[in-house]
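Comments concern the structure below.
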Amino acid sequence: MIKLFNTLTNTKEDFKPLKNNEVKMYVCGVTVYDYCHIGHARAAVVFDTIRRYFIYKNYNVTFVKNFTDIDDKIIKKANQEGVTWQEISKKYINEHNKDMTSLNVLAPDFAPKATEFIDEMINICKILIEKDYAYEIDGDVFFSVKKFNDYGKLSHRHLEELLAGARVEINEKKEYELDFALWKKSKANEPAFDSPWGLGRPGWHIECSAMSAKLLGLPFDIHGGGKDLIFPHHENEIAQTEAAFEKPLANYWIHNGFVNIDKEKMSKSSGNFYTIKEVINEFSPEVLRLFLLSSHYLNPLDFSLENLMEFEKSVEKFYLLLDRINDYKASTKKSTDKTEYKSIYENFIAEFEKALDDNFNTPVALSAVFELIKETNKFLDQKIDNNTFIAFKSDFFNTVKIIRDVLGIYYKKPEEWFKENLSIPEDKLMELIEKRNMARKNKNFAEADEIRLALLKQGIELHDTFYGTKYTTHRIHKNL
RNA sequence: GGCGACGUGGCCGAGUGGUUAGGCAGCGGUCUGCAAAACCGCGUAUCCCGGUUCAAUUCCGGGCGUCGCCUCCA
């Protein structure tokens, strides 16, 4: 039984799908006006992992993640660059998708764009006006929060509280300060869509109401996004959808914590952010993904390049083990004193699932992974006969597949990993290894050590094993 | 101002009313020409003050500190 923390009830609950073993989930995507940063990466990786875990548990998952492709910031950027808003949104959708691919985030089943659902949004506005939940003033349509009794149920706030803290907002036409726009009249030279209220464009929240209702139906199981979306975005989405359709929007609301830099929230407006591209220029995306999973998704995650180095080593450790298995020479003699690998394998599966069942506790799941690596190394330290080794490999690669499928890491071949970090041409390296081994043979250890040290400075470590000299590599982070 | 979260060993990071993850770094050892890798061993933490309890890091109250939301934001 999967338990998850539901923002709506502020408690950890058993997950019960609405229908059999189906999970329908909608996750808020990004507004496409710039490159994605690490905060976007965290949300993407968190929900991707949740999705992957449901799939692993044999649920049939329908996963929707949208793009907000029309919005003030997109228009502003388009004006700055002297291009159309479509060119901006297209470009950054494309860049977003590249980033997601590099992070090994599975493509959503649906990746709708707001502008593809204008009719549906207009329809919701019409219904809300008809039902007297919304009103039109001079081409703008606003939602009247006072009329929706449950307003505040997600963010656990009351209108008075919200008003008390509200920064002075000079809005004009609204009947009540906290009312929000469903439809915005467009100014001259702004992108515009035809509507019963004249030319305009949708407000921010309405798109998700339209797309989720159309693509998943109401209610659906899980709605997710970053914690910063709880208010007002998701609160408003609930108000619109539930007022218009008289059905609950989603049963479970999941929100991931922020990525911090020096304890402060990473955000565009504060300027303290790293883009995904900047980071994966310095570290493998796999390292970034592992790092993002290394703390619980509800908690803040402090980002630093130094922290990434730690996880770079973790990834390396795994590939070292794979490499070891590839090279392993089973003993021709019958195994002695061998422990059963079966129990290591079964223990891992149990720990791993227990962790993820409990509100997707990826740090604990990772500790099970690290234990597995250690236990496996220990197992291989014994003398293993061929039959035992073959049986072991089968169990081991089953577990690796689970880790890959669920956590989305460790999907490379070890040689790929080590080669991608190689700082000199491989044939040159082979020459040096050859040269060093000649020196070793001649007991010229000074020369041998000199070669090894020189390579080490370039991020290449040599390991003399009984089946030959192996190399491993790690990136040199000059700028850190 | 209102509401909320958090404070764990050198660092990162979980769980738990009593036997107390995991990782990184460090130290000692096995191995090695020497290393590296791997393995073994060591370190033994829960902001402060009260309270409840046979027992609290875990529950309650207070304090201090950090952060978040109330504005676009993953």
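Below, each value reflects all heavy atoms present in this structure, side chains not excepted, and no hydrogens, waters or symmetry copies.
- With no hydrogens or angles considered, a side-chain donor-acceptor pair links A:E282 and A:H477 at under 3.5 Å.
- Put simply, the side chain of A:H463 and the base of B:A36 share a donor and an acceptor less than 3.5 Å apart.
- The partner of B:G61, taking Watson-Crick or G-U wobble pairs whose two distances both stay under 3.5 Å, is B:C49.
- Nucleotide B:A14 forms a pair with no other nucleotide shown, judged by Watson-Crick or G-U wobble geometry with both contacts under 3.5 Å.
- Only the P atoms considered, B:U16 is 13 Å distant from B:G7, to the nearest whole Å.
- In terms of position on RNA chain B, the residue among A:T472 and A:D381 whose nearest nucleotide sits closer to the 5' end is A:T472.
- Rounding to whole angstrom units, CZ of residue A:F318 and C1' of B:A37 are separated by 16 Å.
- Put simply, the side chain of A:R42 and the base of B:A74 share no donor and acceptor less than 3.5 Å apart.
- Across all strands shown, nothing is found opposite B:G9 as a Watson-Crick or G-U wobble partner with both distances under 3.5 Å.
- Using cut-offs of 30° and 60° on the angle between ring planes, the pair A:F180 and A:Y151 is parallel.
- In this structure B:C3 sits in a base pair with B:G68, meeting the Watson-Crick or G-U test at under 3.5 Å.
- Nucleic acid contact for A:N377: sugar-phosphate only, since backbone atoms but no base atoms lie under 4.0 Å from a heavy atom of the residue.
- Nearest-nucleotide mapping onto RNA chain B: of A:D302 and A:F370, the residue sitting toward the 5' end is A:D302.
- Of the P atoms belonging to B:C64 and B:A21, the separation is 34 Å, rounded to the nearest Å.
- Checking B:C27 for Watson-Crick or G-U wobble geometry (two distances, each under 3.5 Å) identifies B:G41 as its partner.
- The pairing partner recorded for B:U20 is none, the criterion being a Watson-Crick or G-U wobble arrangement whose two distances lie under 3.5 angstrom.
- Scanning atom types as modelled, one donor and one acceptor separated by under 3.5 angstrom connect the side chain of A:D449 and the base of B:G33.
- With both ends at atom C1', the span from B:C31 to B:C39 equals 9 Å, rounded to whole Å.
- A:K73 contributes a side-chain N or O that forms a donor-acceptor pair with the base of B:C72 under 3.5 Å.
- Separation of the P atoms belonging to B:U46 and B:U57 is 8 Å when rounded to the nearest angstrom.
- The distance from atom NE2 of A:H296 to atom CZ of A:F360, rounded to the nearest 0.5 Å, is 9.0 Å.
- Between the side chain of A:D464 and the base of B:C34 there is at least one donor-acceptor pair of N/O atoms closer than 3.5 Å.
- For A:Y92 and A:Y33, the ring centers are positioned 6.0 Å apart or more.
- The listed nucleotides are B:C24, B:C3, B:A74; the one nearest the side chain of A:E310 is B:C24.
- Between A:R289 and A:D48 there is a salt bridge, since at least one side-chain N of the basic residue sits less than 4.0 Å from a carboxylate O of the acidic one.
- B:G50 and B:U58 are spaced 14 Å apart, taking the P atom of each and rounding to whole Å.
- Judged by centroid separation below 5.5 Å and plane tilt below 30°, A:F445 stacks onto the base of B:G33.
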